[in-house]
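Notes follow the structure.
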Amino acid sequence: MNEHDEKPPKPADPAEGQGNTRDGGDESGNRLRKELPQEVPGAGPAEAPAARETPAEPEPEQAPEPQPDPEPRLTGRQRLAQGVWPPRVTRAQLIVAVLLFGLGFGLAVQVASNSDSDNALRGARQEDLVRILDELDDRTQRLEDEKQGLEKQRDELENSSDQAEEARKQTVEKERQLGILAGTVPAQGPGITMTIQDTKGTVEADMLLDAIQELRAAGAEAIQVNGVRVVAGTYLTDSGKGVGVDGNKINAPYRFKVIGKPQDLEPALNIPGGVVQTLEKEQATVTIERSTDIVVDALRAAKRPDYARSSSQ
């Protein structure tokens, strides 16, 4: 046989082929595992049917969302408060508010003034109140007597047979009465004497004027102060440590001679909060004496009016 003759190939060993195949497969498998991501472990094929056969559990019911509470109902007072505040002021409302404020302020001032005037009577004793009532009754009676006197004169003039003579008599009487009031003639009659001692020099002209006005209101017909006749036109002024009466300076003690009904004159000066209490608050001493015979002899010169004339002329 020739050396160049080809030898028949040997049959492949199955074990060897398997080994190569296993080696190549292992290498390719390792390479794929490195390239692929890590597998997530899951249920095996055997467990898959069981998982499919198991019924799905029902999802839990969700609780209903809480509904917001309805708006609470407002009471009448709350609705009124919401309507009033915040205020919505118009021009008309502002004008009405100003007018109401002015009216209320005026009423408050009036009530306060009335209360001040009544404080003296509220704090008065029972006997003082009785005396004030008696004085008012006496004034009423005095006015009633004056009215009756005038009516009597009218009747005498109407019924007299000699009306001219009766008129003359009444004219003379009227002139005498007017002379007493005007201070042109002296006067005499019952009345009081009031003496004011002022050692501190605190008595002023307005206090003496209050005393004169109170005496006139109580029915004084003739008044004389320290030799000066007091008439309708008398005025008082402060003059140093004394007081001026119609321009005549007088000094303490001040002595009043007053003709009138003593039962009316003295209580009028002693009423609570009256002349005597006011002077005593100024540390003055007041003395009042009743008398059945008071003489007022200070005279005033008759003065002809500059402009007034009798309507009978």
Side-chain angles (χ1 to χ4, degrees), residues 117-118 120-121 124-159 166-167 169-196 207-225 228-236 245 254-279 286-300:
S117 61
D118 294 341
L121 295 179
R125 297 175 300 177
Q126 183 176 1
E127 53 268 23
D128 294 333
L129 296 175
V130 172
R131 185 171 56 188
I132 294 173
L133 291 176
D134 292 341
E135 180 185 353
L136 294 176
D137 293 339
D138 293 338
R139 290 183 182 180
T140 304
Q141 185 62 39
R142 185 169 60 254
L143 293 175
E144 186 66 26
D145 294 341
E146 183 177 355
K147 175 185 176 183
Q148 292 178 359
L150 294 175
E151 292 176 350
K152 182 180 179 180
Q153 292 179 5
R154 181 197 62 190
D155 295 339
E156 289 176 352
L157 288 173
E158 291 176 352
N159 300 328
E166 185 65 28
K169 290 181 179 180
Q170 291 188 10
T171 301
V172 172
E173 180 64 22
K174 194 68 174 178
E175 182 181 2
R176 186 183 64 84
Q177 294 177 0
L178 292 177
I180 293 175
L181 296 177
T184 58
V185 298
Q188 183 177 358
I192 63 171
T193 300
M194 179 175 67
T195 304
I196 302 175
M207 301 177 187
L208 299 184
L209 180 60
D210 290 341
I212 293 174
Q213 292 177 345
E214 191 66 38
L215 290 170
R216 284 175 174 171
E221 298 176 353
I223 303 174
Q224 176 178 320
V225 182
V228 180
R229 189 71 170 265
V230 176
V231 295
T234 295
Y235 62 92
L236 285 80
V245 181
Y254 305 106
R255 185 172 288 102
F256 286 72
K257 290 184 178 182
V258 186
I259 295 178
K261 189 176 180 180
Q263 294 82 357
D264 295 340
L265 299 176
E266 183 179 1
L269 298 173
N270 287 315
I271 62 174
V275 175
V276 174
Q277 287 191 1
T278 301
L279 292 172
V286 182
T287 304
I288 300 176
E289 297 178 359
R290 296 187 184 186
S291 177
T292 57
D293 188 13
I294 298 293
V295 177
V296 176
D297 52 4
L299 302 179
R300 299 290 293 269

Criterion side-chain contact (heavy atoms from CB on, under 4.5 Å) on Arg142 and Asp264, from CA distance to verdict: CA-CA 10 Å; Arg142 185 169 60 254; Asp264 295 340; 3.2 Å; yes

Would you call [X] and [Y] a side-chain contact if the rule is heavy atoms closer than 4.5 Å?
| X | Y | answer |
| --- | --- | --- |
| Met194 | Val286 | yes |
| Leu269 | Ile192 | yes |
| Thr234 | Val225 | no |
| Phe256 | Leu208 | yes |
| Val276 | Ile288 | yes |
| Ile294 | Thr193 | yes |
| Arg229 | Val296 | yes |
| Ile223 | Ile212 | yes |

Counterpart residues, side-chain hydrogen bond (donor to acceptor under 3.5 Å, both in side chains), relative to Gln263 (two or more places apart): none

Salt bridge (charged side-chain N to carboxylate O under 4.0 Å, His left out) partners of [X], counting only residues at least two apart:
| X | value |
| --- | --- |
| Arg176 | Glu173 |
| Asp138 | none |
| Arg300 | Asp246 |
| Glu266 | Arg290 |

What are the two closest heavy atoms between [X] and [Y], and how far apart are they?
| X | Y | value |
| --- | --- | --- |
| Ala220 | Val258 | CB-CG1, 3.5 Å |
| Thr278 | Gly273 | OG1-O, 3.9 Å |
| Ala222 | Ile180 | CB-CG2, 4.3 Å |
| Pro267 | Pro262 | CD-O, 3.9 Å |

So CD1 of Ile259 and CD of Gln224: to nearest 0.5 Å the spacing works out to 9.0 Å

Looking at Glu151, I'd like to know if its CD atom is crowded, meaning that more than 12 non-hydrogen atoms belonging to other residues, nucleotides or ligands lie closer than 6.0 Å. yes

Around atom CZ of Arg139, are there more than 12 heavy atoms of other residues, nucleotides or ligands at under 6.0 Å? yes

Mind checking what makes side-chain contact (heavy atoms from CB on, under 4.5 Å) contact with Gln148, not counting sequence neighbours? Glu144, Asp145

